[in-house]
There are 2 protein chains.
Amino acid sequence: MLDKKSPLPMYYQIEEDIKQKIDSAIYSERETIPSERELSEQYEVSRMTVRQAVTNLVNEGYLYREKGKGTFVAEKKIEQPLQGMTSFTEDMKQRGMNSSSKLLDFTIIPPPADIKRKLSLEEERQVYEIHRIRYADHQPMAVERTFIPVALVPGMQEKDVYGSIYEYIEKNHDYTIHKATQMIEATIADEEQAELLDIVPAAAILHIERTSLLQDGTPFEVVKSSYRADRYKFISEIHRS
Amino acid sequence: MLDKKSPLPMYYQIEEDIKQKIDSAIYSERETIPSERELSEQYEVSRMTVRQAVTNLVNEGYLYREKGKGTFVAEKKIEQPLQGMTSFTEDMKQRGMNSSSKLLDFTIIPPPADIKRKLSLEEERQVYEIHRIRYADHQPMAVERTFIPVALVPGMQEKDVYGSIYEYIEKNHDYTIHKATQMIEATIADEEQAELLDIVPAAAILHIERTSLLQDGTPFEVVKSSYRADRYKFISEIHRS
DNA sequence: CAGTGGTCTAGACCACTAC
DNA sequence: TAGTGGTCTAGACCACTGT
């Protein structure tokens, strides 16, 4: 059943096996799966190891537990929203569109007050400001301004940001983005936006501002994006309990 | 230190103690906390119990671990976004505004095709449609249409939805909302919306559509909200790793 | 009552990091 | 080499659900 010599941990192998059994309807929706004690006999591991696997699947939404009754298979997600955070490039890929960019401006500046605050910067620190038009299937989709502290990514040049900034950074540094705070609002296109996005002035714009944090909480970037509302909807999943 | 006789589990008491030590800077940002083995001696519990507490705090973003090095305190969140999912009533309360409603329409109808699909309903099922204007500090903030399967909340009446629908449902049923899928887009106000929201036609509207699921995956409601963009921004936190 | 998940113990070996 | 988190064991008692 399980490969005890595999470098993959037992709990992970159990997770994959249970997910596969859900997919193939061996465990069906709204039905219980075997109890933790039964599973620990089947897989020949301790109950705590089974529990670790089941707990992870509960956190990911595949299963849910009811005290005294058992562990049940949750109903399948109807529509899969893009899970978590994605770059523009990844986002478009998931939507089945190809993406490209046009660099309008690449400068190093002292940060404006709101950026300085959002990036928790000291007085004399500088930031990159990268101003781009983002295309999806060769049509304008968004205009985007990205602010990144120079101290975090020293030596970045214009040629490095023609494609995905994340790709460049992942090649050259070991940063892991952990989470982000997003602010989403609706506005009306001004003349500059209208021209850059090839829409009429006064058309609707979906404005998304994101502040990304690394694992240790260091603010890494502020991205201000203005999307064409006729082409873009923002989809996400949120959890309560 | 800990109350071993408390009905609160040990790992929970440890979580609270560590959080308190972070707040009071006994454990400071970017510094390690004591190792799991040290903590298990301090609290006089097994290492697995300490691990359960620490794992929860890592998942909540208070701590992060680095293999071979230790467990570190993450930097504080700069701005606290409303965590998870909230009703309009809860949302406005967190923003320091009072909320009220005006019921425009309360009917039982066969669901339109998109609602039927999003609520996974069989052929002959009916839904409540609740159409309301939502006020914040007595000014119009949003117009909202809520669709709930009659089978899930039988017997709901007009008088039950003057305030918070969630409050009514929590009083009468034992449902727990687990997660939701949200779609956010920007539009331009049409004449009806402009009149209801007391804005000029062609003003920006932030449109949010939410499908909420219960713990077992049953779709519970679809809410279509149109917010005045001049008064409302949507703020959320998203996670990657 | 027997069975379930929730909590907890007192060990163990591993891979990784820092010195 | 010593210390860290990552994984795992083989038990235990509890509160809760159903019959």
Side-chain angles (χ1 to χ4, degrees), chain A residues 1-18 27 30-74 174 176 178 215-216 241, chain B residues 1-18 27 30-74 174 176 178 215-216 241:
Chain A
M1 202 62 139
L2 300 186
D3 180 1
K4 296 223 175 195
K5 288 164 197 159
S6 162
L8 296 171
M10 306 291 298
Y11 72 84
Y12 181 81
Q13 295 182 49
I14 295 172
E15 280 176 49
E16 292 304 310
D17 190 62
I18 292 177
Y27 301 151
R30 295 162 171 289
E31 301 285 316
T32 58
I33 65 170
S35 76
E36 295 174 354
R37 288 167 182 80
E38 280 178 66
L39 288 175
S40 87
E41 280 184 30
Q42 283 180 29
Y43 292 119
E44 296 180 317
V45 297
S46 78
R47 188 180 153 215
M48 285 301 280
T49 302
V50 164
R51 245 185 106 68
Q52 189 174 356
V54 170
T55 300
N56 287 344
L57 293 177
V58 168
N59 289 338
E60 289 166 25
Y62 290 94
L63 303 173
Y64 59 100
R65 295 200 253 235
E66 290 191 17
K67 257 187 289 190
K69 291 164 85 175
T71 303
F72 299 76
V73 178
D174 192 27
T176 307
H178 176 238
Q215 252 199 338
D216 64 3
S241 64
Chain B
M1 199 64 135
L2 299 187
D3 181 0
K4 296 224 176 198
K5 286 164 195 157
S6 163
L8 297 172
M10 306 291 297
Y11 71 85
Y12 181 81
Q13 295 182 51
I14 295 172
E15 280 176 49
E16 293 303 310
D17 190 60
I18 293 177
Y27 300 151
R30 295 162 170 288
E31 302 283 316
T32 58
I33 64 170
S35 75
E36 294 174 353
R37 287 168 184 82
E38 281 179 64
L39 288 174
S40 87
E41 279 185 30
Q42 282 182 29
Y43 292 119
E44 297 179 318
V45 299
S46 78
R47 188 179 152 215
M48 286 301 281
T49 302
V50 165
R51 245 185 105 67
Q52 189 173 358
V54 171
T55 299
N56 287 344
L57 293 177
V58 167
N59 289 338
E60 289 166 27
Y62 290 95
L63 303 174
Y64 60 100
R65 295 200 253 234
E66 291 192 14
K67 255 186 292 190
K69 292 164 82 175
T71 302
F72 299 76
V73 178
D174 191 28
T176 306
H178 176 237
Q215 253 198 338
D216 64 3
S241 64

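Residue numbers begin at 1 in each chain, while the letters A, B, ... track the order of the sequences. These numbers were taken from a predicted model, which means no experiment stands behind them. Heavy atoms only: backbone and side chains are in, while hydrogens, waters and symmetry mates are out.
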To the nearest Å, how far apart are [X] [atom1] and [N] [atom2]?
X	N	atom1	atom2	result
E36(A)	dT9(D)	CD	P	14 Å
Q52(A)	dT7(C)	CD	P	15 Å
Y64(B)	dG5(D)	OH	C1'	15 Å
E66(B)	dT4(D)	CD	C1'	11 Å
Y43(A)	dA10(D)	OH	P	18 Å
L63(A)	dG5(C)	CG	P	11 Å
F72(A)	dT4(C)	CZ	P	11 Å
L39(B)	dC8(C)	CG	P	15 Å

Subject >> Any residue meeting side chain to side chain contact (heavy atoms under 4.5 Å, CB included) with E41(B), in chain and number order, not counting sequence neighbours >> reply: none
Original post:
For V45(A), which contact category applies under a 4.0 Å heavy-atom criterion: base, sugar-phosphate, or nothing?
Top reply: sugar-phosphate
**OP:** Could you tell me whether T32(A) contacts a base, only the sugar-phosphate backbone, or nothing, with contacts defined as non-hydrogen atoms closer than 4.0 Å?
**Re:** nothing
For [X] and [N], is the shortest distance between a side-chain N/O and OP1 or OP2 below 4.0 Å?
X	N	answer
T49(A)	dC8(D)	no
R51(A)	dG5(C)	no
Y11(A)	dC8(D)	no
S46(A)	dC8(D)	no

Original post:
If you find the nucleotide of DNA chain D closest to E38(B) and the one closest to P9(A), which residue's nucleotide is nearer the 5' end?
Top reply: E38(B)
Subject >> Smallest separation among heavy atoms of Y11(A) and Q52(A), with atom names >> reply: CE2-NE2, 3.5 Å
Original post:
Considering residues at least two apart in sequence or located in another chain, which fulfil the salt bridge (Lys or Arg N to Asp or Glu O under 4.0 Å) criterion with K69(B)?
Top reply: E66(B)
**OP:** May I ask you to check whether over 12 heavy atoms, not counting those of E44(A), lie within 6.0 Å of atom CD?
**Re:** no
**OP:** Identify, with sequence neighbours excluded, every residue that meets side chain to side chain donor-acceptor pair (under 3.5 Å) alongside R65(B).
**Re:** E36(B), T55(B)
Original post:
Partners of D216(B) by side chain to side chain donor-acceptor pair (under 3.5 Å), sequence neighbours excluded?
Top reply: R30(A), T218(B)
**OP:** Can you measure from CD1 (I33(B)) to CD1 (I18(B)) and round to the nearest 0.5 angstrom?
**Re:** 4.5 Å
Could I get a table of every N or O pair under 3.5 Å where one atom is in the protein and the other is in nucleotides 11-18 of chain C?
{"from": "dA12(C)", "atom 1": "N6", "to": "R47(B)", "atom 2": "NH1", "distance (Å)": "3.3"}

Original post:
Are the side chain of Q13(B) and the backbone of D3(B) linked by a donor-acceptor contact shorter than 3.5 Å?
Top reply: yes
Subject >> Candidate pair E15(B) and E60(B), rule side-chain contact (heavy atoms from CB on, under 4.5 Å), full reasoning >> reply: CA-CA 11 Å; E15(B) 280 176 49; E60(B) 289 166 27; 4.0 Å; yes
Subject >> Dot-bracket pairing map - DNA chain D, Watson-Crick plus G-U, both contacts under 3.5 Å, | cross-strand >> reply: ||||||||||||||||.|.
Original post:
Is it the case that Y43(B) and D17(B) place a side-chain donor and acceptor less than 3.5 Å from each other?
Top reply: yes
